[in-house]
Amino acid sequence: MKIAVVGTGYVGLVTGTCFAETGNQVTCVDIDVNKVARMQKGEIPIYEPGLDVLFDRNIAEGRLVFTTDLKEGIKDAEVIFLALPTPPGEDGSADLKYILGVANDLGPILESYAVIIDKSTVPVGTAEKVSAAIGLNAKVDFDVVSNPEFLREGVAVEDFMKPDRVVVGTTSEKAKKVMEKLYAPLVRQGNPVIFMDERSAEMTKYAANSFLALKITFMNEIANLCEKVGANVDDIRRGIGTDSRIGKRFLFAGIGYGGSCFPKDVQALAKTSDDYGYDFRTLKSVMAVNDDQKKRLLPLVTEYFEGDLNGKTIAVWGLAFKPYTDDIREAPALENIKALIAAGANVTVYDPEAMDNVKRLLPDLTYCHTAYAALDDADALMIFTEWPQFRTPDFDKMAKLMKNKVIFDGRNLYELNTMKEQGFVYHSIGRLIVKG
């Protein structure tokens with residue numbers, strides 16, 4: 001099939017590259033001239049494990065091309081994906097200006113029937129707005145379909161190529177046949193393509209992400225209570241995660257969720273609820289608890305240093321909101337680092353992938369080339385991202401580098417017995433404090 005993907009952010013580039021991998025001819029369109037030029041030279045603009053291999057292969061085989069020209073990009077396309085940003089507005093609602101702007105541009109340049117697909121996460125009713133915007137100037141038939149993505153950063157290629165399910169919102173039989181053909185190579189093992197109306201598909205994405213955010217937040221509150229009553233949240237996680245009604249995933253306690261999806265989608269669904277006169281109380285609680293949870297370790301650090309962080313050197317491991325990505329959107333590390341600096345601390349940081357992104361926001365931090373370099377003469381270590389290389393460090397080497405053997409771990413990477421044996425003061429989430 002001939003496919004156009006408008007927008008080459010995280011979702012758009014993964015979508016375009018993976019569909020090219022299944023044999024389609026894909027043209028990716030973006031208004032960023034420099035970004036398109038880099039991709040035309042074979043430079044991938046995002047970090048996502050495994051994507052570079054598919055990206056290089058499909059460019060080399062001529063199935064994946066890039067342009068800044070929308071008319072050129074959609075020429076003869078049977079399917080046009082809109083994978084554009086929907087940033088939150090000041091009131092929490094998703095801003096549709098980019099999607100509706102492209103929709104307005106598409107109308108007069110469509111030359112034959114096409115299925116236009118909303119791939120971005122969009123509020124209920126967006127498909128109708130996109131259809132109306134295209135229809136103002138369109139001279140040919142078209143259908144607008146909602147097809148939300150369910151990609152996890154760090155494993156997005158696997159998620160796309162082997163989806164748990166594909167959700168398609170359309171009431172058009174013609175569009176349904178196109179979508180069945182499009183996704184047939186990806187669901188050969190029997191994973192379902194679930195058809196529904198457009199509004200239900202739009203709501204499905206928000207409901208999924210909000211429920212997962214709720215699950216994380218519930219476990220974080222359980223963890224906070226565990227610290228009060230002397231229980232261990234890891235044992236509780238195993239105890240409830242084996243219940244098939246609950247499941248094992250998204251039960252790990254920590255310093256809250258971040259990233260490009262959960263914060264924005266929970267906020268947008270709450271705003272939609274307000275717009276329709278419904279008080280979605282659990283969502284409002286989720287947002288409030290998560291905001292507090294991100295800073296859960298700061299009082300512990302302040303208390304350890306008897307209220308005075310001025311001149312202290314705090315090492316930070318992990319800047320991205322999760323491992324296997326360079327994404328720092330809504331990352332808990334950033335809020336904590338800013339608070340440490342405001343308190344007079346010096347901050348040295350290491351992250352395998354995200355440091356360049358943070359440098360653009362916080363250029364005056366000390367950025368280190370290894371995790372151990374960040375520990376040199378540090379008064380304490382704070383851990384914000386569960387990168388695998390942080391899980392089995394050389395504790396003897398750490399002890400020699402640091403002034404104090406103290407760790408504040410926001411991701412519960414280490415066993416309490418191990419930290420006791422190593423003689424570290426160790427604070428984690430929802431577990432007893434190890435006092436060294």
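- Here the side chains of T22 and L186 are in contact, with some heavy-atom distance below 4.5 Å.
- A distance of 10.0 Å separates CG in D32 from OG1 in T68, rounded to the nearest 0.5 Å.
- Y10 and E153 share no side-chain donor-acceptor pair at under 3.5 Å.
- Annotation: side chain of M219 is in contact with side chain of I240 (closest heavy-atom distance under 4.5 Å).
- Classification of D279 and K284 as a salt-bridged pair holds, one side-chain N sitting under 4.0 Å from a carboxylate O.
- More than 12 heavy atoms of other residues, nucleotides or ligands sit less than 6.0 Å from atom NZ of K2.
- N220 approaches A253 most closely through the heavy-atom pair OD1-CA, 3.3 Å.
- Neither side chain, E386 nor N412, offers a donor N or O lying under 3.5 Å from an acceptor on the other.
- Y47 OH: more than 12 foreign heavy atoms inside a 6.0 Å radius.
- Taking the six-membered ring where tryptophan is involved, the planes of Y183 and F160 are tilted, since the angle between them lies from 30° to 60°.
- Atom CD1 of I246 has more than 12 heavy atoms from other residues, nucleotides or ligands within 6.0 Å.
- Considering every non-hydrogen atom in both G12 and V5, the closest pair reads O-CG1, 3.5 Å.
- At least one side-chain heavy atom of V115 sits under 4.5 Å from a side-chain heavy atom of M179.
- Under a cut-off of 6.0 angstrom, the local environment of CZ in F218 is sparse, with at most 12 non-hydrogen atoms contributed by other residues, nucleotides or ligands.
- Nearest heavy atoms, I59 versus G42: CD1-CA, 4.2 Å.
- The pair K264-E330 does not meet the salt-bridge criterion, since no charged nitrogen lies less than 4.0 angstrom from a carboxylate oxygen.
- Between the side chain of T313 and the main chain of A378, no donor-acceptor pair closer than 3.5 Å is present.
- Using a 4.5 Å cut-off on side-chain heavy atoms (C-beta onward), V358 and M355 make no contact.
- A salt bridge does not link E43 with K35: every distance from a Lys NZ or Arg NE/NH1/NH2 to an Asp or Glu carboxylate oxygen is 4.0 Å or more.
- With rounding to the nearest 0.5 Å, the separation of CG in L212 from CZ in F250 is 4.5 Å.
- Between G318 and F390 the shortest heavy-atom distance is N-CE1, 3.7 Å.
- Using a 4.0 Å cut-off between charged nitrogen and carboxylate oxygen, R152 and E158 do not count as a salt-bridge pair.
- A cation-pi arrangement, defined by a distance under 6.0 Å to the six-membered ring centre and an angle within 45 degrees of its axis, is absent between K420 and Y426.
- Residue-environment remark: CD (E415) stays at or below the threshold of 12 foreign heavy atoms within 6.0 Å.
- Checking side-chain atoms of W387 against main-chain N and O of D351 turns up no donor-acceptor pair under 3.5 Å.
- The side-chain heavy atoms of I383 and F408, taken from C-beta on, include no pair separated by under 4.5 Å.
- Note that the CG atom of D327 and the CD1 atom of I46 stand 9.5 Å from one another [nearest 0.5 Å].
- Relative to the six-membered ring of F424, K405 meets both conditions, a distance below 6.0 Å and an angle of at most 45° to the axis.
- When every heavy atom of T8 is checked against every heavy atom of M39, the shortest pair comes out as OG1-CE, 3.5 Å.
- Rounded to the nearest 0.5 angstrom, R238 CZ and N232 CG are separated by 7.0 Å.
- Judged purely by atom type and a 3.5 angstrom limit, K205 uses its side chain to pair as donor or acceptor with the backbone of E149.
- The backbone N or O of A268 sits less than 3.5 Å from a side-chain atom of T272, completing a donor-acceptor pair.
- For the pair N336 (side chain) and K294 (backbone), a donor-acceptor distance under 3.5 Å is present.
- Within 6.0 Å of atom NZ in K435, 12 or fewer heavy atoms from other residues, nucleotides or ligands are found, so the atom counts as exposed in its surroundings.
- Between K295 and L298, the closest side-chain pair of non-hydrogen atoms falls below 4.5 Å.
- Counting only N and O atoms by type, the side chains of S93 and D91 include a donor and acceptor under 3.5 Å apart.
- Geometrically, R411 does not engage F252 in a cation-pi contact defined by less than 6.0 Å to the ring centre and at most 45° from the axis.
- In this structure, the side chain of K338 does not engage the main chain of L362 through any donor-acceptor pair within 3.5 Å.
- A distance of 8.0 Å separates CG of D409 from CD1 of I429, quoted to the nearest 0.5 Å.
- T126 places no side-chain N or O within 3.5 Å of a backbone atom of V122 that could act as its donor or acceptor partner.
- For the residue pair R63 and N24, no side-chain donor N or O sits within less than 3.5 Å of a side-chain acceptor on the partner.
- At most 12 heavy atoms of other shown residues, nucleotides or ligands fall within 6.0 angstrom of atom OH in Y98.
- Formation of a donor-acceptor pair under 3.5 Å by the N58 side chain with backbone atoms of L64 is not found in this model.
- Annotation for L214 and V286: closest pair CD1-CG2, 3.5 Å, computed over non-hydrogen atoms.
- With hydrogens and angles ignored, the 3.5 Å screen pairs a side-chain donor or acceptor of E48 with a backbone N or O of V155.
- D274 and K271 are not joined by a salt bridge, as no carboxylate oxygen comes within less than 4.0 angstrom of a charged side-chain nitrogen.
- In this structure a side-chain-to-backbone donor-acceptor pair under 3.5 Å is present from T86 to T121.
- The structure places CG of D377 at 10.5 Å from CE of M402, a figure rounded to the nearest 0.5 Å.
- Note: F66 and F55 have tilted aromatic rings, judged against thresholds of 30 and 60 degrees for the angle between ring planes.
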